[in-house]
Protein chains: 2
Amino acid sequence: MQYSAEALIAPHFVRSPEGLVVSPNERALLRLIWRNPGISRSEITGHIDLTQQSVYRIVDQLTARGIIALGAPKPGHGRGQPSPTLRLDGKHAYACGISANTDVVGICLMDLSGRILGEASIALRELSMAEALDEVKIALAQLEQRAGLDRRAFFGIGFAIAGYHVGGTRYNAPLPLHEWSLIELGPLLSEYFDRPVWVHNGANTGTIAESMFGVGRHVRHFAYLSFNYGFGGGLISDGELLVGGNGNAGEFSGIFDVEESKRRPALQYLIERLNQNGVEVPSISYMRKNFDRNWPGVTEWVEEVTPAYNRMINAVRAVVDPQAIVFGGQVPADLAQMLIDRTRIFDRPRYGVHRPSPKFIISEIATDASAMGAAVVPFKSAFY
Amino acid sequence: MQYSAEALIAPHFVRSPEGLVVSPNERALLRLIWRNPGISRSEITGHIDLTQQSVYRIVDQLTARGIIALGAPKPGHGRGQPSPTLRLDGKHAYACGISANTDVVGICLMDLSGRILGEASIALRELSMAEALDEVKIALAQLEQRAGLDRRAFFGIGFAIAGYHVGGTRYNAPLPLHEWSLIELGPLLSEYFDRPVWVHNGANTGTIAESMFGVGRHVRHFAYLSFNYGFGGGLISDGELLVGGNGNAGEFSGIFDVEESKRRPALQYLIERLNQNGVEVPSISYMRKNFDRNWPGVTEWVEEVTPAYNRMINAVRAVVDPQAIVFGGQVPADLAQMLIDRTRIFDRPRYGVHRPSPKFIISEIATDASAMGAAVVPFKSAFY
DNA sequence: CTTATGTTACACGCAAAGTGTAATTAATCC
DNA sequence: GGATTAATTACACTTTGCGTGTAACATAAG
């Protein structure tokens, strides 16, 4: 039997005999509220193809289940009976995002409304998988206690791992995560944490974070570049993550041949270069916080990676034609801007008209996008 | 108001007050019958999440409307009451695919079951758009008469044009199609032909043809390479065409910079080369029929385009990770094989495990894939 | 300031559509 | 002829749209 996180959802969250948490119309409504928190009930009809009566009923049922909360009406909203405002009720459920990177495991606790309830990280050092998971469990319990959470509201876990998909819930991760590689993570983790676990690639959960909290609120088609120790990314098409035929869509590093691969924009190379030049940069997160474009070697490195970078940008544009390309992962905003300034689109106009080009946007997600995205995955899969 | 082909569908095809031709469950059923013509009614339940009774009812209604036809039961199918076989009823509707290329306009007449009822082509030479359309209309009428069709069954038109999408139903096509460029083709053509017209890029309709008649019957994620005078393509993700943020997903030529663009695998360059070498190749369709890999210059040209070709293949693989890459358009099978033989995937294994790679498949669609795909578009949009 | 009027949305009941469950009937195999 | 499988038919349940009366508020007349 194929592992399925959906089948493990606790019964008190489930609505119908088919095991669904919400119906399609309910999902559409919850999505709308996600994108417009505090929208009034009466405004819903204008955005969704449902009558006022149906909206009333669905809202009524979702309120009764504690999934959405009614708020005071907006004042001064014209005449007529005032309509209550709607929000997702964070108290109904919370989820945990776990992001396994080469150096660190990030943890993000989030409620149904998208509020971050707590964050933590565990340095991997030489920890075995079992030891690391034990530490995650302890950290999770601490976060839960500090936030005063009721365990019954613990909906599930989103697990992100650096590396490519091999099949099922098996991934092939870089060396420090050797022990985490090529095994069925879904059954293992859901057994260990006693909750359904959704497993994804780390760059893809970063992409999901961007789609739920960042530019995805306004843009339906975009590519997300995840600059980390390595370099990957993800694609959002029509608001949904594109997984591809083998679950590895957005692994942009595959564009480069062996030679060019050394000049790809992975932050490991920049850190090496900086350390060679006498700039003490102990970690990627340190670099992100303290980045200075005048550090010796920065401009040089950027110039070196620019050809490979531009090839990648043009490949993404040609293949999937996104409306935007988002610079994310752990890239310092200033470094992203340097790349954007050097972007060249290979395009010749016809009749003076260019092919529409993507906008280049620097992600505004400050925390661990990968863990944050992992935390929404359970909700996105079941609620909205 | 935005142009919409759906809104122009003749009332006698429409089912519900919302203007839909079939309900979602009916669509699922029709798709299943499309992929398995002659499936027995009792087998349906195993493939779709519907009870035998619901299947009976839906089949009953679709039969009453003349959309599907019941056939004699398969003999020797075990005990129990024999179950009738199901097919799409071609008589219910036919559609016309029109593919405007730089040199020729292809026409394809197709019925609801996917059977080709007739084909024609019109050389463009120096024809104005109005003259070309008049000729198309005449050719269409001839094909209709020859096939003995009832005009009431004429469902709509799929129109394909070489060039990139600019917005709405406007495209930017190469010079011979200057007059067809940057205008709203949808309203213009639907007015002229008095039927709803769905407008797409030509490489994309070729992709749709492959998804409906070719490898798409077995593969849910694939990239389609359309080798024509120019070079383009399209993407199928989870069985559906990926359009991208501006409607230009799959315009693979955009991968190449100005310099490399001259060594991209567009057949115009091969023909030039062959003619220089004294091989008389008057047209692409001639080359397709009579291709000989031993013609002077063929191997040379293939070697020259191989680097750009491999970059493109790896870019497609990295970005969208398809299960298969299909060689289509008007490429001679032998030429496609020469490229496949030279394919190199930029991938280093980790723990001895490679990232899953796409299969390379030569399209088996012999006729004008672009017009053929254009012809199914109306049906795909409304029925399955 | 009070009151009448118009507007907007709430909230309830009912009908229609579509699906699942259950029971009966029909055709075929062993 | 009994077993088996699927075709039919009947009925219940869910979800949605429609109709309608009511509640709350804005505005302007008095």
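Residue numbers begin at 1 in each chain, while the letters A, B, ... track the order of the sequences.
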> CG of B:Asp60 versus P of D:dA10: gap in Å, rounded?
Replying inline: 13 Å

> If we ignore angles and hydrogens, is there a donor and acceptor under 3.5 Å between the side chains of A:Glu6 and A:Ser381?
Replying inline: yes

> What do the steps show when you test B:Phe13 against B:His92 for ring-ring contact (aromatic ring centres under 6.0 Å, His included), and what is the final call?
Replying inline: CA-CA 9 Å; B:Phe13 289 113; B:His92 184 250; 5.5 Å; yes

> Taking atom C1' of D:dT15 as reference, at what distance in whole Å does atom CG of A:Leu62 sit?
Replying inline: 14 Å

> Over how many whole Å does the gap from B:Arg57 atom CZ to D:dT9 atom P extend?
Replying inline: 12 Å

> How long is the line joining CD of A:Glu26 and P of D:dT14, in whole Å?
Replying inline: 14 Å

>> Does B:Pro24 reach a base, just sugar-phosphate, or nothing at all? Heavy atoms under 4.0 Å.
In response: nothing

> Between D:dT8, D:dG17, D:dG19, which nucleotide gets closest to the side-chain atoms of B:Arg41?
Replying inline: D:dT8

> With respect to the side chain of B:Gln53, which nucleotide from C:dA11, C:dC10, C:dA23 is positioned closest?
Replying inline: C:dA23

> Between D:dT8, D:dT16, D:dT15, which nucleotide has the shortest distance from any of its atoms to the side chain of A:Leu50?
Replying inline: D:dT16

> Parallel, tilted or perpendicular for B:Phe154 and B:Tyr94, by the 30°/60° rule?
Replying inline: parallel

> Between C:dG20, C:dC12, D:dA6, which nucleotide has the shortest distance from any of its atoms to the side chain of B:Ser42?
Replying inline: D:dA6

>> Whole angstroms only, please: what is the CG-P distance between B:Leu20 and C:dA17?
In response: 15 Å

>> So if I take every side-chain heavy atom of A:Tyr56 and compare against D:dA7, C:dT19, C:dC12, which nucleotide ends up nearest?
In response: C:dC12

>> Can you classify the ring geometry of B:Tyr384 versus B:Phe379 as parallel (below 30°), tilted (30 to 60°) or perpendicular (above 60°)?
In response: tilted

> Are B:Arg152 and B:Asp150 close enough, and set up right, to give a salt bridge (charged side-chain N to carboxylate O under 4.0 Å, His left out), and what steps lead you there?
Replying inline: CA-CA 5 Å; B:Arg152 265 181 65 83; B:Asp150 176 3; 5.2 Å; no

> For the side chain of B:Ser54, counting heavy atoms from C-beta on, which of D:dT8, C:dC10, C:dG20 is nearest?
Replying inline: C:dG20

> Reading nucleotides 25-30 of chain C from the 5' end, what letters show protein touch, with B for base, S for backbone sugar-phosphate only, - for no heavy atom under 4.0 Å?
Replying inline: -BBBSS

> When rounded to the nearest 0.5 angstrom, what is the spacing between NE2 in A:His221 and CD in A:Gln323?
Replying inline: 5.5 Å

>> For the residue pair A:Ser113 / A:Asp111, report whether a side-chain donor-acceptor contact shorter than 3.5 Å exists.
In response: yes

> Would you say D:dT15 has OP1 or OP2 under 4.0 Å from some side-chain N or O of A:Arg15?
Replying inline: yes

> Starting at CD of B:Gln52 and ending at C1' of D:dT4, how long is that distance when rounded to a whole Å?
Replying inline: 14 Å

> Could you give the CD-to-C1' distance, from B:Gln61 to D:dT8, as a whole number of Å?
Replying inline: 14 Å

> Does A:Ser83 place a side-chain N or O at less than 4.0 Å from the phosphate oxygens OP1/OP2 of C:dC10?
Replying inline: yes

> Within less than 4.0 Å of OP1 or OP2 of D:dT16, is there a side-chain N or O belonging to A:Asn25?
Replying inline: yes

>> Going by the rule side chain to side chain contact (heavy atoms under 4.5 Å, CB included), which residues pair with B:Pro73 if we only count those two or more places apart in sequence or in a different chain?
In response: B:Pro82

> Atom CD of B:Glu18 to atom C1' of C:dA17: distance rounded to whole Å?
Replying inline: 10 Å

